[in-house]
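The next block holds one structure in the form of structure tokens; read it before the comments.
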Amino acid sequence: DISLRRCQLLSLWRWKRKVDVSLYPAPGFHFHRVFCATTSSETDPIEIHKKKLFLWFSHLPQEERQFGGYFSPETMHVDPLIVEKKPEERAGLVSSPFQTQAISSPSVTVEQLFESTGNCCEGRGLNVLLYGAVGTGKSTVVRKLVLDWCSGTTLTHFKLLVPFSCEDLSQLSKVASLRDMVGRKYLHLTKHPLLSGEGDQAKNVLFLFNGMEKMNLDFRIGSSELCSDPNEALPPGVVVVNLLRKYLLPEASILVTTRLSALDRIPQKYVSRYAQIFGFNDPDRQRAYFTSRLLQQSGETAPYQEAQALVELLYLNLQRESQLAAACFLPSYCWLTCATLHFLHFTDAKAPIRTLTGIYTSFLRLNFGGEVLGTGTGTNVPIQEQQSSLMLYVVRTVGKLAFDGVAYKRTSFSEKELEQWIGGKTKTDEELRQLAMFQTDVLDFFLVPCVESGKHLPKELSESDERQYVFSVPEMQEYLAALYVVLGENKSALEKLTGQVSVAIGQASEDVGALFNILSKFIPLRIFAVFNLIKLFPKLYEKISTYNKGSIARTMAAELFRTEDSNNEDVLDQVEQTLLGVHGPQPKQYSEGKPFELYPIFMGGLLHYGNRVLLQQLGCTIQSTTVAQITRALRKYLVRELSKPQPPEELMDLLVLLYEFQNPRLTAEVIATIRAIPLSNIRMTPLKCFILSSVLSCTPASYHLERLDLSSCLLTNDMLQILWPAFRHTRNLNLQFNSLGPDSCIILRDLLRNPKSAIRSLQLCDNPLQDSGVRTLLEALPENQSLTHLSLMHTGLGDQAALELAGKLQQHTGLQELNVAYNNIRDNAALALVDACREHPSIHTLHLYLNPLSDVGKKSLYVRGVPKSQDGSGRKVRVLASVTEGSDISEDWHPILRVIRENASSWDRQRVKQQLKIFLRDLEWGRQQQQSLWKRLHFRRVEKGVRKTLQMLEKDAPYTG
């Protein structure tokens, strides 16, 4: 009985352990099998293989995590267009993925490509070659294929799927048999019978070789011996060749993915089927991709609705056959579009720090990480020695073209110009082979035919018949141009020459120095002086190099504050318009050239350490000394530019530059020279608020901004929360015209209560705070000691809240000026406020105009404003209620009219007109009471100002100052 009970407990423990492991291998994974209580599946190598494969291929790159972690490979995958090609068609159809509109062939799946055909030999597996350009989605298709096989939803007739990375295989230096290669990567498949070669068991095996262009396969008999034994040790390339020849495990099927340029590395006789992957050939596929990405939010209603609106705007832009629609034929650019929109619209203070430069750098790492530019086949040089960084080649060719375009304000290029800039100086056979591979695989990734012909182009360009090419997305031109400059590829001829000589001398410096010390005893003094001059050559190079780095910083500052671009929208709005299109009035068709305001911002972002690490993985190294030299010079030039008045859009661009740079010390030094940040009328977003707060958070606690103007910025409750760190560094805060409601007062109350708050002036005009919001705000008065000016003009303040305000004024002894104009305050509440202000130790001005006050009430206000006692112990308070004070003109008539003129466009015009007519009536009555001619003329002058304001309102004319 005891032994039987032990067996039952052991079985139960094994079953529970099996369920735990199987249920939670990865997010979104479900096995379509019934769990059994036996231990057979636990030890089955195939089941272990499926579980481990699923875990490996479910892992998302770091770049995918910036979307918030809501994705799994199942939810975000959209099938790209895959078209089967006949062998004779493959060469002619190695074309740009952007020419897919003319393709009428139906799309096929990878599973359909492995369906048996009558042409294949009996007993032999199929060799399928899937090829496509960079960015068309080959690796994504492979990942989804493996995951679907693991979950039992595709290719179920294959019992075993064995994926290999050709990049990994190309790094193997030792010989190994096929079974050793499999066992080295998948230990649980060591000596598996399906790979033994006995019988026809291999028909249930599918090998997958991803990235065949990374291997130097040679199908010549003299170079790759024939082999049919899976246990024979051979170089990895020879093993793969024999698998494709069907000498080794002929029953096994093989799927190979490769780039376009490597299509003919496998002879046609060894390929059963060709299929080309084109990406997303229609807006519906693109929309499905955007939906799978942008609508995978956390389930909150507001972000979900915003994401839905973004998808609709994107879809409208794609349907217009815009340049973006052409770029989004490649799934990679769909990813870039989603990543950029997610950055622009869903950034919050809790999310990891992300930058626009970081998104573009990550985008290139996803597509070109580990990518190399080989020399092709037919050489005996090891594959590692043949290859150079593909990204560096892109910078030196396409980046050079981008830089020339930015320098001369051009976005389109002719075919002749492409030939001139990309490969124009190619001479050797080696360079010609690399150029051919680059043009076939990569060029279409960056440059595409211009589909918006005639738009934003000069007349001489639009009228020519020559086809024009543009960058897939405009921002990519600015990014590559910035990378070209920061990497130092635009060196002058003198710097290149001095650099080469300096390196040569530096390498032999010790030997040369020792030799000079010996020869100085024997050679004439004049000759020795020449040798010393040569020794100083590296210092001359260092001076030239430092000057060049200073010119980079000078260019960044000059491009950021270009006078002709000062009226443009800020760069983040420009990026959004590129993606979502322009809705409403269209911009000018063509002025002096497209503004390249992201160019200097990308230059700053590329100097950030995180981006430099990613670029180093791509073979593009930015030296730390270069960063230090540019940073030192940049501070000087930025401070010089900031000494001049800058419009709000340019200041927003500066904040973006400092944020992209991610250099707290430089940011603090630059911001320390700024006393005011006027951002009025900037369309603020959570991202812009986060940038402002991040930049100001770099400053020391002792730093305080004199004025932060965020009027008419479309601020919301959530944005105020993000801006909290920025507010703590501000003395005069202007939040008027933002439609902030009562809930916003909770954040402002807590801000004023904070002991570190330094706010002296708080302007909340034209925000519907209502009585409830003002009551909440008043709770901060007893604890706040910094506030001196409070403006609650046109906030919906009523009598009850005004009376409460009057009762709490004594609890705040530092207030000097209170503005409650243009509210719903009547006589009694207004008189209570005046009495409270008169008794207050420091309040000297009270604004009450444009309130529904009676004539008697106005007269009482001025009487109450003077001190009661004859000994002068009371205080006089300036009460601004009307342009007249009884039968005299008020001293403050001019500021009252100025405020009305400045704000009339956003106020209730009928109510303002009514108040102005009351002013005219009061002025006319007062004029009639005057005996002095000079006083009558003065009344006439004030009347003229009131009538002018009234006419402005009736004609709907803007205030001109």
Item to complete: Could you verify whether a donor N or O on one side chain and an acceptor N or O on the other, from Q810 and H840, lie under 3.5 Å apart?
Response: no

Worksheet item: Does some side-chain heavy atom of E306 sit less than 4.5 Å from a side-chain heavy atom of H345?
Response: yes

Worksheet item: Do V820 and L833 come close enough that some side-chain heavy atom pair is under 4.5 Å?
Response: yes

Discussion item. According to side-chain hydrogen bond (donor to acceptor under 3.5 Å, both in side chains), does anything in residues 673-690 pair up with another residue at least two apart or in another chain? List the pairs.
Written reply: D570-K688, D573-R683, D573-K688, E576-R683

Fill in: Non-hydrogen side-chain atoms of N824 and D799 separated by less than 4.5 Å
no

Discussion item. List the residues meeting ring-ring contact (aromatic ring centres under 6.0 Å, His included) with F602, not counting sequence neighbours, and say none if there are none.
Written reply: Y360, Y479

Practice prompt. Could you grab the distance from atom OG of S712 to atom CG of L679, nearest 0.5 Å is fine?
Written response: 12.0 Å

Worksheet item: Is it true that a side-chain atom of N767 and a backbone atom of L764 form a donor plus acceptor pair closer than 3.5 Å?
Response: yes

Fill in: Heavy-atom side-chain proximity of T776 to P742 below 4.5 angstrom
no

Practice prompt. Check the pair Q763 / H789 against side chain to side chain donor-acceptor pair (under 3.5 Å), numbers first and verdict last.
Written response: CA-CA 8 Å; Q763 298 184 50; H789 293 74; over 6 Å; no

Worksheet item: What's the shortest heavy-atom distance between N823 and T795, and which atoms?
Response: OD1-N, 3.0 Å

Discussion item. Walk me through whether M603 and F661 qualify under side-chain contact (heavy atoms from CB on, under 4.5 Å).
Written reply: CA-CA 9 Å; M603 289 172 69; F661 210 140; over 6 Å; no

Fill in: Minimum heavy-atom distance between L705 and A676, given as atom pair plus value
CD1-N, 3.9 Å

Discussion item. Using a 3.5 Å distance criterion without hydrogens, assess whether the side chain of D771 forms a donor-acceptor pair with backbone atoms of L797.
Written reply: no

Discussion item. Rounded to the nearest 0.5 Å, what separates atom OG1 in T667 from atom CD1 in I671?
Written reply: 7.0 Å

Worksheet item: Does a sphere of radius 6.0 Å around OH in Y703 hold more than 12 heavy atoms from other residues, nucleotides or ligands, not counting ones at 6.0 Å or beyond?
Response: yes

Worksheet item: Does D766 reach the main-chain N or O of H794 with its side chain, forming a donor-acceptor pair under 3.5 Å?
Response: no

Fill in: Exercise: identify the closest heavy-atom pair between I722 and S693
O-OG, 2.7 Å

Discussion item. I'd like to check the side-chain hydrogen bond (donor to acceptor under 3.5 Å, both in side chains) partners of D827; sequence neighbours left out, ordered by chain and number.
Written reply: S854

Worksheet item: What is the minimum heavy-atom distance between L751 and R728, and which atoms define it?
Response: CD1-CG, 4.2 Å

Practice prompt. Check whether the ring centres of H729 and F727 lie less than 6.0 Å apart, and answer yes or no.
Written response: no

Item to complete: Look at the side chain of D835 and the backbone N and O of A832, then say whether any donor-acceptor pair between them is shorter than 3.5 Å.
Response: no

Worksheet, complete the sentence: For residues 716-726, the side-chain hydrogen bond (donor to acceptor under 3.5 Å, both in side chains) pairs (sequence neighbours left out) are N717-S744

Worksheet item: Under the 3.5 angstrom rule, does the side chain of N663 hit a backbone N or O of R665 as a donor-acceptor pair?
Response: yes

Worksheet item: Between S786 and H812, which heavy-atom pair has the shortest distance, and what is it?
Response: N-NE2, 4.5 Å

Fill in: Full working for side chain to side chain donor-acceptor pair (under 3.5 Å) between E597 and Q574
CA-CA 9 Å; E597 296 179 90; Q574 292 178 34; 2.7 Å; yes

Worksheet item: Who pairs with S739 by side-chain hydrogen bond (donor to acceptor under 3.5 Å, both in side chains), at least two apart in sequence or on another chain?
Response: none

Worksheet item: Would you say N732 and I759 make side-chain contact, with heavy atoms under 4.5 Å?
Response: no

Item to complete: Would you sort out whether Q785 and T813 count as a side-chain contact (heavy atoms from CB on, under 4.5 Å), showing the intermediate values?
Response: CA-CA 8 Å; Q785 300 300 323; T813 57; 4.3 Å; yes

Fill in: Note, S711 side chain near L735 side chain (heavy atom, < 4.5 Å)
no

Worksheet item: Hey, is the main chain of P678 close enough, under 3.5 Å, to the side chain of D709 for a donor-acceptor pair?
Response: no

Item to complete: Go through the structure and list residues passing salt bridge (charged side-chain N to carboxylate O under 4.0 Å, His left out) with R731, not counting sequence neighbours.
Response: E706

Worksheet item: Between the side chain of E660 and the main-chain N/O of T357, is any donor-acceptor distance below 3.5 Å?
Response: yes

Practice prompt. Rounded to the nearest 0.5 Å, what's the gap from CD1 on I630 to CG on L666? Could you check?
Written response: 12.0 Å

Worksheet item: Closest approach of V834 and L848, non-hydrogen atoms and distance?
Response: CG2-CD1, 4.0 Å

Response to the item:
Residue set satisfying salt bridge (charged side-chain N to carboxylate O under 4.0 Å, His left out) with R775, at least two apart, ordered chain then number -> E804

Worksheet entry | Rounded distance [0.5 Å steps], OG in S791 versus CG in L818 | 8.5 Å

Discussion item. For N754, is there any backbone N or O sitting under 3.5 Å from a side-chain donor or acceptor partner on S757?
Written reply: no

Response to the item:
By ring-ring contact (aromatic ring centres under 6.0 Å, His included), Y599 pairs with (sequence neighbours left out) none

Item to complete: For K644, check salt bridge (charged side-chain N to carboxylate O under 4.0 Å, His left out) against everything at least two apart and list the hits.
Response: E641

Practice prompt. Give, for atom CG of L787 and atom CG of L733, the distance between the pair rounded to the nearest 0.5 Å.
Written response: 10.5 Å

Worksheet entry | Residues that T730 engages under side-chain hydrogen bond (donor to acceptor under 3.5 Å, both in side chains), provided they are two or more places apart | none

Discussion item. Using a 3.5 Å distance criterion without hydrogens, assess whether the side chain of N738 forms a donor-acceptor pair with backbone atoms of Q736.
Written reply: yes

Item to complete: Just grab all the salt bridge (charged side-chain N to carboxylate O under 4.0 Å, His left out) pairs involving residues 738-755, residues at least two apart or on different chains.
Response: R749-E779, R753-E779, R753-E783

Worksheet item: Any donor and acceptor pair, going by atom type alone, linking the side chain of N734 with main-chain N or O of L710 inside 3.5 Å?
Response: no

Worksheet item: Is it true that the side chains of Q816 and S842 contain a donor and an acceptor less than 3.5 Å apart?
Response: no

Item to complete: Applying side-chain hydrogen bond (donor to acceptor under 3.5 Å, both in side chains), name anything that partners T355, two or more places apart in sequence or on another chain.
Response: none

Practice prompt. Determine, stepwise, if the pair N784 / L781 fulfils side-chain contact (heavy atoms from CB on, under 4.5 Å).
Written response: CA-CA 5 Å; N784 179 270; L781 290 183; 5.7 Å; no

Worksheet item: Looking at CG of L642 and CD of E650, how far apart are the two atoms once the value is rounded to the nearest 0.5 Å?
Response: 10.5 Å

Item to complete: Look at the aromatic rings of H342 and F346 and report parallel, tilted or perpendicular, splitting at 30° and 60°.
Response: tilted

Discussion item. Just so I know, are the side chains of C689 and L715 near enough to count as touching, which here means a heavy-atom distance under 4.5 Å?
Written reply: yes

Discussion item. Is the shortest side-chain heavy-atom distance between R354 and F690 below 4.5 Å?
Written reply: no

